[in-house]
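Right, one structure below, let's go through it.
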Amino acid sequence: MKFWSLVIFVILFILSILFVFISLKEDTIKIGLLYSKTGTMAASEDIIAKMVNFDVENINNSGGILGKKIEIIEYDGKSNPKEFAKGANYLSSKGVKTIFGCWTSASRKAVKPIIEKNNMILFYPLQYEGVEESKNIVYLGMTPNQQINQTLSYIKNNIGDDIYIVGSNYIYPRVVDAYIKEFSKLIGMNRLDSHYIILGDINFKEIVKDIKVKKPSAIINTINGDSNIAFFKELEKQNISSKDIPVFSTSIDEVMVKKISSKLKNNSLDGNYATWSYFNSIDTKENIELKNKLKKRYGDDFILTDAGYSISIGINLFKRAIIASKNQNVDEILYNLKMDSLNTLEGIVYLHKNNHLYKNVKIGKLENNNFKIVHSTKILSKPQPYPMIKSKEYWKKLEVELYKSWGNSWQEKSKMKALR
């Protein structure tokens with residue numbers, strides 16, 4: 001009898017120690033950092049990791065949230081949607097309720113059902129093609145109507161009516177093209193043609209020849225990744241300068257500008273444009289101070305881009321929602337996210353009921369390979385993941401058709417590379 005009493009005592013003692021250990025472990029706010037540390041997207045997604053770590057360090061050094069430090073649990077998605085799905089399941093098993101990350105639409109779509117099933121939150125930082133809503137995803141980037149409306153209107157008002165589209169053959173450019181086709185008709189512009197290349201392709205000779213023949217007022221560039229280098233090199237080779245036909249890019253940020261221009265004979269992309277909500281060149285005291293802190297933390301070569309700043313907005317919205325909720329209940333956090341607004345370097349932002357941000361949209365023109373802001377919205381742009389120019393059913397059907405045409409994939413399969 002004494003033996004069994006001793007056994008029960010030992011078991012209870014061990015359980016009490018485990019309870020204390022678990023309680024101590026829960027004395028942190030766990031968040032997941034899900035991004036590509038390796039693979040083809042690693043260089044792009046690195047900025048997500050840097051900005052999450054930077055903001056969390058600042059929050060923790062200031063006492064944390066509600067007296068608790070934030071604990072980051074990382075998972076390498078390895079530039080592979082299937083690995084991202086594994087990562088979401090892994091983070092859930094570790095007690096994580098909120099994840100920051102994903103870059104490509106393929107990775108987001110792989111993670112989405114897991115996030116929803118486990119009632120988690122994903123803060124997604126990229127501009128994307130829309131045609132999606134989820135109560136469990138906070139979409140921090142621009143929708144097509146936010147990015148494209150301002151781009152086309154600027155071209156029409158300042159350059160001309162004729163546009164030519166060049167893009168990579170995956171979901172984001174193709175949905176954007178469909179939107180451009182409809183919106184350009186609405187405002188009296190001419191979409192002369194559109195051409196799509198396999199992700200990673202470098203052969204633009206015939207496309208650029210066609211551009212020379214058709215002489216558009218401007219080119220809309222929805223190419224992603226290093227194919228941009230080949231595209232701008234071919235424009236240079238065939239003597240098409242930004243003075244002749246400027247290029248308006250939807251996916252090129254300051255880091256990519258630096259990479260492309262280093263491969264050109266004149267080392268310059270000056271005279272071309274991009275549309276974002278944040279530009280590194282924003283000339284305010286607050287932005288200069290932020291950039292100096294980031295350079296001190298990560299080195300003088302660090303460049304803050306729209307995606308990096310968007311994930312930072314997500315961290316700060318999350319912090320404020322936790323404080324308002326006074327706990328880590330997902331439903332309460334989501335509710336309080338929608339009750340809040342945040343004054344940012346982009347301007348004031350807040351969530352629409354569809355979990356996308358109202359955004360201030362800016363157009364930058366390259367001068368000395370830096371974006372000079374030449375246009376900014378005067379009022380917040382409303383997010384429309386399903387643009388009202390066509391029915392919701394139309395956009396859903398388009399996405400399904402594209403998915404099936406690529407063999408149940410979100411991009412043309414040949415030479416596959418994970419892209420947004």
Side-chain angles (χ1 to χ4, degrees), residues 127 129-130 142-170 172-197 201 203-224 227-228 230-252 257 260 264 268-276 361-367 371-377 381 384 387-390 394 398:
Q127 107 281 11
E129 69 281 352
M142 290 179 288
T143 51
N145 75 290
Q146 291 172 317
Q147 191 176 37
I148 298 304
N149 287 19
Q150 298 302 317
T151 302
L152 292 186
S153 296
Y154 184 87
I155 293 170
K156 180 174 178 61
N157 293 333
N158 296 276
I159 298 171
D161 292 337
D162 301 326
I163 54 171
Y164 192 109
I165 302 166
V166 182
S168 302
N169 203 19
Y170 69 104
Y172 168 73
R174 294 297 294 272
V175 172
V176 166
D177 185 11
Y179 181 73
I180 289 172
K181 184 178 180 180
E182 299 302 326
F183 188 74
S184 60
K185 288 188 291 188
L186 188 67
I187 63 173
M189 296 186 76
N190 305 311
R191 175 181 163 277
L192 300 179
D193 210 340
S194 61
H195 285 279
Y196 291 90
I197 51 95
D201 201 348
N203 185 8
F204 290 93
K205 185 177 179 179
E206 296 305 317
I207 292 174
V208 173
K209 276 185 178 179
D210 193 47
I211 290 171
K212 287 187 78 171
V213 171
K214 290 177 178 169
K215 298 178 180 178
S217 307
I219 300 165
I220 305 291
N221 170 26
T222 57
I223 300 167
N224 209 326
S227 293
N228 277 291
F231 176 58
F232 281 97
K233 284 179 73 174
E234 189 62 40
L235 288 173
E236 183 182 65
K237 185 177 180 180
Q238 296 196 35
N239 299 312
I240 297 178
S241 73
S242 59
K243 291 179 181 178
D244 303 318
I245 308 173
V247 179
F248 285 73
S249 298
T250 62
S251 296
I252 290 178
V257 166
I260 297 168
L264 300 177
S268 175
L269 281 177
D270 285 1
N272 293 306
Y273 298 79
T275 306
W276 294 107
V361 183
K362 300 172 179 65
I363 295 175
K365 182 179 181 180
L366 283 165
E367 293 183 6
F371 286 108
K372 178 184 177 182
I373 297 170
V374 295
H375 174 75
S376 182
T377 49
S381 179
Q384 295 176 5
M388 294 173 66
I389 203 165
K390 286 282 188 179
Y394 170 86
L398 171 65

Stepwise side-chain contact (heavy atoms from CB on, under 4.5 Å) check, T151 with I220: CA-CA 9 Å; T151 302; I220 305 291; 4.0 Å; yes
Candidate pair N169 and I197, rule side-chain contact (heavy atoms from CB on, under 4.5 Å), full reasoning: CA-CA 6 Å; N169 203 19; I197 51 95; over 6 Å; no
Stepwise side-chain contact (heavy atoms from CB on, under 4.5 Å) test for W276 and I373: CA-CA 10 Å; W276 294 107; I373 297 170; over 6 Å; no
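Of the N and O atoms on the side chains of Q146 and T143, at least one donor lies less than 3.5 Å from an acceptor on the other residue. Under 3.5 Å, the side chains of Q238 and E234 contain a donor-acceptor pair of N or O atoms.
Two residues are said to be in side-chain contact when any heavy atoms from C-beta on lie closer than 4.5 Å; I187 and L152 meet this criterion. The shortest side-chain heavy-atom distance between I219 and I163 does not fall under the 4.5 Å cut-off. Looking only at side-chain heavy atoms (C-beta outward), F232 and I240 stay at 4.5 Å or farther from each other. A 4.5 Å side-chain heavy-atom check between V361 and M142 finds at least one atom pair inside the cut-off. Counting only heavy atoms from C-beta outward, the side chains of F231 and V166 approach each other to under 4.5 Å. Contact annotation: the side chain of S251 approaches that of Y172 to within less than 4.5 Å [non-hydrogen atoms, C-beta and beyond]. Residues I363 and F371 have side chains not in contact (no heavy-atom distance under 4.5 Å, counting atoms from C-beta outward). Counting heavy atoms from C-beta outward, R191 and D177 have side chains that approach closer than 4.5 Å.
In this structure a side-chain-to-backbone donor-acceptor pair under 3.5 Å is missing from Q147 to Q127. For S194 (side chain) and I165 (main-chain N/O), no donor-acceptor pair under 3.5 Å exists by modelled atom type.
By the side-chain contact (heavy atoms from CB on, under 4.5 Å) test, D162 is found to be paired with N190, L192, S217, residues two or more places apart in sequence or in another chain being considered. For F183, the ring pair (Phe, Tyr, Trp, His ring centres under 6.0 Å) partners at least two apart in sequence or on another chain are Y179.
Between N221 and I223 the shortest heavy-atom distance is OD1-N, 2.8 Å. Between N272 and V247, the closest heavy-atom pair is OD1-N, 2.9 Å. Counting all heavy atoms, side chain and backbone alike, A274 lies closest to I252 at CB-O, 3.8 Å. Between Y394 and A178, the closest heavy-atom pair is OH-CB, 4.4 Å. For the residue pair K362 and S376, the shortest heavy atom distance occurs at CG-OG, 3.6 Å. Contact between K215 and K212 at its shortest, heavy atoms only, is CG-O, 3.2 Å.
K156 NZ: more than 12 foreign heavy atoms inside a 6.0 Å radius.
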Report, one line per pair, each donor and acceptor closer than 3.5 Å where one atom sits in a side chain of residues 204-211; sequence neighbours left out.
from, atom 1, to, atom 2, distance (Å)
D210, OD2, Y164, OH, 2.6
D210, OD2, K214, NZ, 3.1

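Ring geometry for H375 against Y154 counts as tilted: the plane angle lies between 30° and 60°, on a 0 to 90° scale.
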